[in-house]
Trainee: 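Before I ask anything, here is the structure I am working with.
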Protein chains: 2
Amino acid sequence: MTSPSTPSRGRPARLDRAKTVGTALELLDDVGLEALTMRRLADRLGVQAGALYRHFTTKQDLLTAMAERMLGDIDASPGAAGAAGAADWAGRLRALVRAMRRALLAHRDGARVFGGTHSVGPHTLAFAEAALGVLREAGFKDEDAARAFMGMVNFTLGHTLEEQAASAPDEGGAPGDVGSLREAVLAGPYPHLAATITVLTSADFDAHFEFALDVQIEGLRHLRSGAE
Amino acid sequence: MTSPSTPSRGRPARLDRAKTVGTALELLDDVGLEALTMRRLADRLGVQAGALYRHFTTKQDLLTAMAERMLGDIDASPGAAGAAGAADWAGRLRALVRAMRRALLAHRDGARVFGGTHSVGPHTLAFAEAALGVLREAGFKDEDAARAFMGMVNFTLGHTLEEQAASAPDEGGAPGDVGSLREAVLAGPYPHLAATITVLTSADFDAHFEFALDVQIEGLRHLRSGAE
DNA sequence: ACCTGAACACCGTTCAAGT
DNA sequence: ACCTGAACACCGTTCAAGT
């Protein structure tokens, strides 16, 4: 009665993809992407490094599964917009893009993991489907909906990459990058940089993100009204 | 008469930062970021790997110098906008952002190198200064100018990262990613993805980039007129 | 079927020693 | 002052052999 796809006979099997991906995300949060090695992951799972290759063909395959799992934090169900539930297209798109950023921020180096992979798993596809649905139902033609979606995702990736790079531990406090940038700006002929350096080096990434999100939503609104 | 900062006595010195960065960019174009190792670079320079550490404290330091050099391709001089020379703020901003994309596309994995580093060198600062100057002189207040600039850079980084990932060699033709995405989309309940999959997997990155650039410029225009 | 042990072909970085 | 030679402490991946 036991089909070959439900083995269950033999030993319990100490490893499976789901458990391995979960442990890998914990390890990522603890040590960062640079130190996430197959050997260290195997250690945590009480196994030899080679054993991982029975479940993932390469490390890249594991990273893709991790990215896919991260996107599972996004609630892409139709009703999940703002507090109300039935927001307009702009509100619903905003909610989805914010959820993507949150999903990447939820794990150390999350944006780098996401950016280095291309999952075609259900969480990734459900997110794209939801965003494209909002845009198409708002009246954007297919081509514009697709490009608006890509633009939003690419911006969110770039932003979150920079956000996580800026708040990387590196050493102790928080200087390093910010300090040497400030120094270089003030030492050279950069009046516009000097006038804005406080904002540029501010850690208020929420405000930076929301500004650019507003700009893009407003730009899309303009494009949509022009087409009607 | 020979000051300590101009040695010149002793041996010719086979290595210097400028030459090393140039060779590193050539190697990058030939083999890609994954295969750009200190040992291979040393080989090309006819030297042992350890010798590189007299000129760069770490590999990260070398990558930062490479990113800085790449941005040198951007002409950030005031007159360098469109064909005319004296375009409006939107045209000048467009020209600068396009030039940034071109600079990253000019080298294999250019976006990944740029995204993984934070140069405070003259080319990087001159580019930021030019873009911020355009925005501030257009009447954007400092905070908005800074955030608009960051938004543009983050989008361009994200876009170019995806563009270079999509056109990566990997193996032979061009399938792999696109094929399995198409398969997964058509196999599942994704009507909106199915309707847009042709655009989403299209290799017309110029069009994708220009669309998102238009959206952002239009959004900025709206924000600016609202403030006056 | 699943994992171990051990190897292969590499890495970035350091540093005494040479010239 | 600048580079070599050699090492240290790792990597991802493969694969015969065990159970």
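By convention in this document, chain letters (A, B, ...) are assigned in the order of the sequence lines, proteins followed by strands, and residues within each chain are numbered from 1.
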Trainee: Which one of B/Glu162, B/Glu163, B/Glu34 satisfies the salt bridge (charged side-chain N to carboxylate O under 4.0 Å, His left out) criterion with B/Arg112?
Mentor: B/Glu34
Trainee: Between A/Phe155 and A/His159, what is the ring plane arrangement, given parallel below 30°, perpendicular above 60°, and tilted in between?
Mentor: tilted
Trainee: Verify, without hydrogens or angle tests, whether A/Arg17 (side chain) and A/His55 (backbone) share a donor-acceptor contact under 3.5 angstrom.
Mentor: yes
Trainee: Can you tell me how far P of D/dT13 sits from CG of A/Leu41, to the nearest Å?
Mentor: 12 Å
Trainee: Does any N or O in the side chain of B/Thr196 come within less than 3.5 Å of the main-chain N or O of B/Val199, such that one atom is a donor and the other an acceptor?
Mentor: no
Trainee: Could you state the atom-to-atom distance from CG of A/Asp43 to C1' of C/dT4 in whole Å?
Mentor: 14 Å
Trainee: Measure from NZ or CZ of A/Arg101 to the centre of the six-membered ring of A/Phe209 and say whether it is under 6.0 Å with the direction within 45° of the ring axis.
Mentor: yes
Trainee: B/Leu33 has an atom CG; how far is it from atom P of C/dC11, in whole Å?
Mentor: 13 Å
Trainee: Step by step, work out the side-chain contact (heavy atoms from CB on, under 4.5 Å) result for A/Leu200 and B/Arg147.
Mentor: CA-CA 7 Å; A/Leu200 291 171; B/Arg147 291 190 172 136; over 6 Å; no
Trainee: Please state the P separation for the pair D/dA9 and C/dA9 - nearest whole angstrom.
Mentor: 23 Å
Trainee: Heavy atoms only: give me the nearest A/Leu15-A/Ala51 pair and the separation to one decimal.
Mentor: CD2-O, 4.1 Å
Trainee: Determine which bases of DNA chain D form Watson-Crick or G-U wobble pairs with both distances under 3.5 Å, and write the result as a 5' to 3' dot-bracket string with | for other-strand partners.
Mentor: ||.|||||...|||||.||
Trainee: Does B/Arg40 place a side-chain N or O at less than 4.0 Å from the phosphate oxygens OP1/OP2 of C/dC11?
Mentor: yes
Trainee: Kindly say whether A/Glu210 contributes a backbone atom to a donor-acceptor pair with the side chain of A/Arg94 at under 3.5 angstrom?
Mentor: no
Trainee: Output the rounded distance in Å from CZ (A/Arg39) to P (C/dC3).
Mentor: 18 Å
Trainee: Just by distance, do the side chain of B/Gln164 and the backbone of B/His107 share a donor-acceptor pair under 3.5 Å?
Mentor: yes
Trainee: So does B/Arg14 get a side-chain nitrogen or oxygen closer than 4.0 Å to the phosphate oxygens (OP1/OP2) of D/dT4?
Mentor: yes
Trainee: Distance check needed: D/dC2 P versus B/Arg17 CZ, whole Å only.
Mentor: 14 Å
Trainee: Pull out every residue in residues 48-68 of chain B that has a heavy atom closer than 4.0 Å to any atom of DNA chain C, ordered by number, or say none.
Mentor: B/Gly50, B/Tyr53, B/Thr58, B/Lys59
Trainee: Let me know the distance between CE of B/Met38 and C1' of C/dC10, rounded to the nearest Å.
Mentor: 16 Å
